[in-house]
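Note that ligands are numbered from 1 as they come in the structure, with each ligand's atoms numbered from 1 the same way.
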Amino acid sequence: MNVQKLLFKRKSIRKYIDKAIEPEKIDALKKAALLSPTGKRKNHWDFIFIENKTTLNKLADSKIHGSKLLSNAALAVAVIGDNKVSDTWIEDCSIASIIIQLQAEELGLGSCWVQIHKRQHSEHLMSEDYVRNILNIPDSKNVLSIIAIGYPEGERPANKEDDLLWDKIHEERF
Ligand SMILES: Cc1cc2nc3c(=O)[nH]c(=O)nc-3n(C[C@H](O)[C@H](O)[C@H](O)COP(=O)(O)O)c2cc1C
């Protein structure tokens with residue numbers, strides 16, 4: 001699929017059917033993650049691929065709103081960075097997150113970004129600390145997002161040319 005078609009087709013998918021993702025597709029997702037660029041080529045990121053249902057259910061409780069969808073995903077990818085190694089860790093991990101999502105779309109899978117960084121699990125616990133504990137991530141590392149992936153349940157209509165926010169595009173000056 002060409003990139004423009006892929007971009008129109010991609011929508012956040014939060015409901016998945018109960019079907020495992022083939023190992024070749026998981027392999028392609030791993031390659032996509034490792035192909036994502038980083039500032040100064042620091043490559044400080046790490047990616048945890050999770051298929052274990054018990055772990056997915058625990059991750060679904062990472063925050064009060066917006067993480068429950070992880071419980072019916074076939075796969076979750078935790079995107080981890082290191083703010084001691086790179087001052088562009090958020091940008092780098094964001095790029096990796098969307099590249100994983102686009103690769104998933106191209107493979108016929110649906111995906112959704114679950115924000116972890118700066119989110120609260122509960123009054124006294126940050127989502128990052130909750131996730132660190134479940135996935136055994138060192139305290140020195142940062143967790144930006146978890147990308148939920150699976151075969152979509154139903155179809156979401158693609159983005160439409162008519163809905164593009166053309167007034168956000170400026171020529172030469174704001
Ligand atoms: C930085 C970022 C954080 C997001 N966090 C969440 C989240 O925690 N939970 C969720 O269900 N969707 C999350 N989303 C998905 C957005 O809600 C979604 O991309 C947006 O509504 C546009 O819809 P679309 O992706 O279908 O085009 C996030 C997206 C981005 C880019």
Side-chain angles (χ1 to χ4, degrees), residues 1-17 21 29 32-33 36-39 44-50 55-83 86-123 125-135 137 141-169:
M1 197 184 303
N2 77 37
V3 174
Q4 183 102 130
K5 263 196 182 155
L6 197 65
L7 294 172
F8 269 100
K9 194 166 171 293
R10 189 214 56 81
K11 297 287 261 182
S12 293
I13 301 296
R14 298 183 174 85
K15 286 191 174 159
Y16 314 95
I17 58 170
I21 301 172
L29 290 164
S36 59
T38 51
H44 56 90
W45 29 227
D46 287 277
F47 304 95
I48 305 180
F49 280 65
I50 305 131
T55 311
L56 289 169
N57 280 328
K58 286 184 190 163
L59 292 174
D61 289 334
S62 294
K63 48 187 192 172
I64 301 156
H65 300 292
S67 59
K68 293 281 170 282
L69 66 146
L70 283 163
S71 66
N72 73 72
L75 171 71
V77 184
V79 182
I80 297 156
D82 192 326
N83 69 3
S86 176
D87 62 359
T88 61
W89 80 270
I90 294 179
E91 292 84 347
D92 298 336
C93 288
S94 298
I95 290 167
S97 299
I98 194 69
I99 283 189
I100 292 167
Q101 287 197 270
L102 290 173
Q103 178 64 82
E105 189 73 41
E106 200 269 336
L107 294 166
L109 300 162
S111 72
C112 187
W113 181 313
V114 175
Q115 180 71 15
I116 298 299
H117 180 57
K118 295 211 165 167
R119 294 291 177 264
Q120 294 286 137
H121 166 272
S122 46
E123 199 185 341
L125 182 63
M126 297 300 286
S127 301
E128 272 194 84
D129 292 326
Y130 175 81
V131 171
R132 258 194 214 105
N133 187 37
I134 292 167
L135 300 178
I137 300 168
K141 302 280 182 189
N142 308 95
V143 187
L144 182 86
S145 67
I146 300 177
I147 307 302
I149 305 174
Y151 281 96
E153 183 187 290
E155 288 238 343
R156 278 198 71 187
N159 293 297
K160 289 197 279 302
E161 185 98 34
D162 287 350
D163 294 338
L164 294 179
L165 304 176
W166 285 104
D167 60 329
K168 297 290 183 188
I169 303 286

Ring-plane angle category for Y130 and H121, please: parallel below 30°, perpendicular beyond 60°, tilted otherwise.
parallel
Name the one of I48, L70, I134 that satisfies side chain to side chain contact (heavy atoms under 4.5 Å, CB included) with T55?
I134
Looking at non-hydrogen atoms alone, which of S12, S111, G66, C112 comes nearest to atom 26 (O) of ligand 1?
S12
Considering only non-hydrogen protein atoms, determine which one is nearest to atom 27 (O) of ligand 1 and report residue, atom name and distance to 0.1 Å.
R10 NH2, 3.1 Å
Output the list of atoms in ligand 1 that are nearer than 4.0 Å to some heavy atom of K11, sorted by atom number.
26 (O)
What pairs meet the salt bridge (charged side-chain N to carboxylate O under 4.0 Å, His left out) rule with one or both residues in residues 61-80, with sequence neighbours excluded?
D61-K68
Side chains of K11 and N159: donor-acceptor distance under 3.5 Å anywhere?
yes
Heavy atoms only, cut-off 4.0 Å: how does R14 contact ligand 1, side chain, backbone, both, or neither?
side chain
If you take all heavy atoms of E161 and W166, which pair is closest and at what distance?
O-NE1, 4.3 Å
Nearest non-hydrogen protein atom to atom 8 (O) of ligand 1, with distance, is K63 NZ, 2.6 Å
Which atom pair, heavy atoms only, marks the closest approach of S36 to F47?
OG-CZ, 4.4 Å
A student checking ligand 1 against V114 at a 4.0 Å heavy-atom cut-off should list atoms 7 (C), 8 (O)
Do any non-hydrogen protein atoms sit less than 4.0 Å from atom 22 (C) of ligand 1?
no
Give me the nearest non-hydrogen protein atom to atom 4 (C) of ligand 1 as residue plus atom name, then the distance to 0.1 Å.
W113 CD1, 3.5 Å
Mark the output for H65 as yes if a heavy-atom distance to ligand 1 is under 4.0 Å, and as no if none is.
no
Roughly how far apart are D92 CG and D82 CG, rounded to 0.5 Å?
11.0 Å
